[in-house]
Engineer: 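The following block contains the structure, expressed as structure tokens.
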2 protein chains.
Amino acid sequence: MGNESHSRNSSQPTWMGVRDAIHTRILRRDYGPGARLPRDEELAGEFGCARTTVQRAMRDLQDRGLIERRRKGGTWVRHHPLTRATFEIPVIRQEVEEKGCTYGYQLVHQAVAMPPLEVQANFGNWPTEPMLQVQALHLADHRPYMYEDRWLCLQTVPALGTVDLSRQSANEWLVHHQHYDRCDLRLYAHKVTAHEAGLMGVASAEAVLVLERTTWIESRLITSVRTLTRPDYQLLATT
Amino acid sequence: MGNESHSRNSSQPTWMGVRDAIHTRILRRDYGPGARLPRDEELAGEFGCARTTVQRAMRDLQDRGLIERRRKGGTWVRHHPLTRATFEIPVIRQEVEEKGCTYGYQLVHQAVAMPPLEVQANFGNWPTEPMLQVQALHLADHRPYMYEDRWLCLQTVPALGTVDLSRQSANEWLVHHQHYDRCDLRLYAHKVTAHEAGLMGVASAEAVLVLERTTWIESRLITSVRTLTRPDYQLLATT
DNA sequence: GAGTGGTCTAGACCACGGC
DNA sequence: CCGTGGTCTAGACCACTCG
């Protein structure tokens with residue numbers, strides 16, 4: 001039944017021990033796909049622990065997408081366990097410097113304009129209005145590392161109007177001066193245009209990973225940015 | 001101080017209420033980047049709740065990448081909050097059917113062979129040995145939806161040798177017969193080859209998103225699969 | 001209405017790790 | 001060593017939701 005490697009001693013089960021025991025039962029189909037698990041209280045009795053401990057174990061299994069829990073409905077084994085992948089999106093300067101490279105930044109274009117429809121698509125109900133567009137390159141050892149096309153909301157962050165974005169990236173300024181409480185992400189492949197290829201220093205029509213991020217504070221739009229990575233860029237996750 | 005929208009009433013703070021209050025203080029730089037927070041017990045006293053409740057709030061802030069906690073070291077505001085994105089990787093049949101399409105499957109190639117080096121790179125210390133390679137198309141309304149190039153470990157899952165993979169996808173068989181307890185993911189952009197373009201029914205040299213997954217059970221390799229999506233495929237996440 | 005999970009408490013002990 | 005977070009308990013009440 002699992003070797004209980006997480007328990008401190010036999011008389012006091014840990015939540016990890018309980019979790020592993022239940023996980024094992026799911027893997028062995030003692031609790032098969034779609035099956036209903038015993039009530040927390042019952043399991044607590046079986047394992048000789050408090051109901052809180054079972055709860056802690058169950059929350060972990062739920063976070064991992066193995067079970068579903070509903071008040072009154074009880075706990076159920078998912079028919080198909082969810083595969084959830086968590087990626088960490090790094091701060092660009094930090095990522096570059098952690099690779100032992102010198103970070104650099106170069107402003108390409110800046111103007112106030114009306115965002116095109118495909119950008120507005122990220123904004124939900126947010127009213128259409130002119131925004132500050134900033135296109136810039138992030139460099140590693142003086143070579144292009146990432147290209148970003150960003151739209152900034154001057155209504156939400158008026159201070160941006162006074163920042164010299166040729167010296168400091170909007171990314172960096174925002175990290176230090178404007179927190180967010182919501183972030184939408186979109187990830188897809190993109191064939192670079194001739195213009196983008198020139199800026200990035202890659203072959204024309206190369207395939208690159210695009211990361212689109214839209215951030216908000218208290219339901220007010222801050223910025224939407226489309227980031228083009230180098231063709232060899234990979235996102236890694238271990239579940 | 002935040003409007004405590006998560007508290008049931010003023011006399012009994014909820015962990016979400018406490019979390020939001022602390023979050024607000026971080027946003028307002030009452031607890032600035034790199035600062036140390038008061039001990040849990042102290043905060044519990046301030047909020048008039050049990051230490052357990054503060055713990056629950058802190059764990060959530062930690063999961064969201066806003067703070068770091070260490071025994072004896074205390075709780076600290078991260079200099080740069082982590083941006084974590086969680087994506088759900090769907091079961092293919094389910095994903096297709098949820099879009100209202102008919103799911104289909106077509107085996108392209110199957111053979112036992114030695115996996116090439118770039119595939120072995122996903123296997124860590126796992127010994128090199130012949131594996132079952134399966135290339136197949138997943139269809140939506142009879143049109144190509146995804147292409148997968150998969151390597152299966154016959155040592156770990158001998159039963160696979162007897163499965164007719166021209167009728168049922170390895171994906172589906174594995175979901176029903178072989179659970180995993182570890183999954184490594186890798187995500188990148190790829191320019192399709194002429195061969196892949198022909199199979200997928202897309203223009204040659206098109207950019208597509210590739211999802212590589214390697215799964216394990218009790219430290220034994222199960223399978224490694226490289227999935228090519230359609231050019232318009234996007235992964236979405238809301239943090 | 002009633003069964004089930006979700007949360008809170010007060011107190012205890014443990015484990016990690018900085019000093 | 002000893003301060004701090006991590007976990008466990010036993011019991012209580014609450015909130016959601018299914019039948």
Side-chain angles (χ1 to χ4, degrees), chain A residues 2 4-23 25-26 31 34-78 82, chain B residues 2 4-23 25-26 31 34-78 82:
Chain A
E4 305 291 313
S5 60
H6 285 292
S7 57
R8 276 198 297 267
N9 59 55
S10 55
S11 70
Q12 183 148 329
T14 66
W15 68 265
M16 287 186 186
V18 173
R19 175 199 63 190
D20 292 349
I22 296 172
H23 190 170
R25 292 181 186 183
I26 292 173
Y31 306 140
R36 179 175 181 167
L37 271 65
R39 294 161 27 237
D40 289 6
E41 196 179 351
E42 199 169 321
L43 287 166
E46 188 195 334
F47 287 110
C49 67
R51 186 159 76 86
T52 324
T53 305
V54 174
Q55 258 252 1
R56 183 75 180 82
M58 289 296 195
R59 183 161 6 105
D60 199 57
L61 293 170
Q62 186 176 32
D63 289 346
R64 291 162 183 253
L66 276 112
I67 60 174
E68 273 184 349
R69 312 193 87 201
R70 282 187 311 276
R71 280 163 151 138
K72 161 80 181 176
T75 304
W76 301 78
V77 181
R78 296 192 78 105
L82 285 182
Chain B
E4 305 291 314
S5 61
H6 285 291
S7 56
R8 277 198 295 268
N9 59 56
S10 55
S11 70
Q12 182 147 328
T14 67
W15 68 266
M16 288 187 186
V18 172
R19 176 199 62 190
D20 293 349
I22 296 173
H23 190 172
R25 292 181 186 182
I26 292 173
Y31 306 140
R36 178 176 183 166
L37 271 67
R39 294 163 27 239
D40 289 6
E41 196 179 351
E42 197 168 324
L43 287 166
E46 187 194 335
F47 287 109
C49 65
R51 186 159 76 87
T52 324
T53 304
V54 174
Q55 259 250 359
R56 184 75 179 81
M58 290 297 195
R59 182 157 10 102
D60 199 57
L61 293 170
Q62 186 176 30
D63 290 344
R64 289 162 184 255
L66 277 117
I67 61 174
E68 273 185 348
R69 314 194 86 200
R70 282 188 308 277
R71 280 162 148 134
K72 164 79 181 176
T75 304
W76 301 77
V77 180
R78 296 191 79 104
L82 286 182

Engineer: Suppose we screen for salt bridge (Lys or Arg N to Asp or Glu O under 4.0 Å). Which residues come up paired with B:R36, at least two apart in sequence or across chains?
Structural biologist: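 In terms of salt bridge (Lys or Arg N to Asp or Glu O under 4.0 Å), with neighbours along the sequence ignored, B:R36 is linked to no residue.
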
Engineer: Search all heavy atoms of B:F47 against all heavy atoms of B:P13 and return the closest pair with its distance.
Structural biologist: O-CG, 3.2 Å

Engineer: Would you please name every residue forming a salt bridge (Lys or Arg N to Asp or Glu O under 4.0 Å) with A:E42, sequence neighbours left out?
Structural biologist: A:R39

Engineer: What's the closest nucleotide to the B:R69 side chain, out of D:dG5, D:dC8, C:dA10?
Structural biologist: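 Nearest to the side-chain atoms of B:R69, counting from C-beta on, is D:dG5.
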
Engineer: Which protein N or O atoms sit under 3.5 Å from an N or O of nucleotides 16-19 of chain D?
Structural biologist:
none

Engineer: Working to the nearest 0.5 Å, report the span between CG of B:L61 and CG of B:L66.
Structural biologist: 6.0 Å

Engineer: For the pair made of CD in A:E41 and C1' in C:dG6, what is the distance, rounded to whole Å?
Structural biologist: 14 Å

Engineer: Side chain of B:W15: nearest nucleotide among D:dT9, C:dT7, C:dG6?
Structural biologist: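 Among the listed nucleotides, the one closest to the side chain of B:W15 is C:dT7.
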
Engineer: Whole-Å distance between C:dC14 P and A:M16 CE?
Structural biologist: 18 Å

Engineer: Can you confirm whether A:V18 sits close enough to A:L43 that some side-chain heavy atom of one is under 4.5 Å from a side-chain heavy atom of the other?
Structural biologist: no

Engineer: May I have all residue pairs that pass side-chain hydrogen bond (donor to acceptor under 3.5 Å, both in side chains) and include part of residues 45-60 of chain A, sequence neighbours excluded?
Structural biologist: A:R19-A:D60, A:R25-A:E46, A:D60-A:R64

Engineer: Find the distance between CD1 (B:I22) and CE (B:M58) and round it off to the nearest 0.5 Å.
Structural biologist: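 If we round to the nearest 0.5 Å, B:I22:CD1 and B:M58:CE are 4.0 Å apart.
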
Engineer: Salt bridge (Lys or Arg N to Asp or Glu O under 4.0 Å) with A:R71: which residues, sequence neighbours excluded?
Structural biologist: none

Engineer: To the nearest Å, how far apart are A:L43 CG and D:dT9 C1'?
Structural biologist: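 Distance check: A:L43 CG to D:dT9 C1' gives 17 Å.
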
Engineer: Within this structure, what is the CZ-to-C1' distance between A:R39 and C:dA2, rounded to whole angstrom?
Structural biologist: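 A:R39 atom CZ is separated from C:dA2 atom C1' by 12 Å.
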
Engineer: Could you give the CG-to-P distance, from A:D40 to D:dG11, as a whole number of Å?
Structural biologist: 17 Å

Engineer: List in numerical order all residues of residues 51-59 of chain B for which some heavy atom is under 4.0 Å away from an atom belonging to DNA chain D.
Structural biologist: B:R51, B:Q55

Engineer: Figure out the CG/P separation between A:D60 and D:dT7, and round it to whole Å.
Structural biologist: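 It works out to 10 Å between those atoms.
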
Engineer: For C:dT4, does either OP1 or OP2 sit under 4.0 Å from a side-chain N or O belonging to A:T75?
Structural biologist: no

Engineer: How many Å lie between CZ on A:R19 and P on D:dT7, as a whole number?
Structural biologist: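 After rounding, the reported distance stands at 11 Å.
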
Engineer: Atom CD1 in A:I67, atom CH2 in A:W76: separation rounded to 0.5 Å?
Structural biologist: 12.5 Å

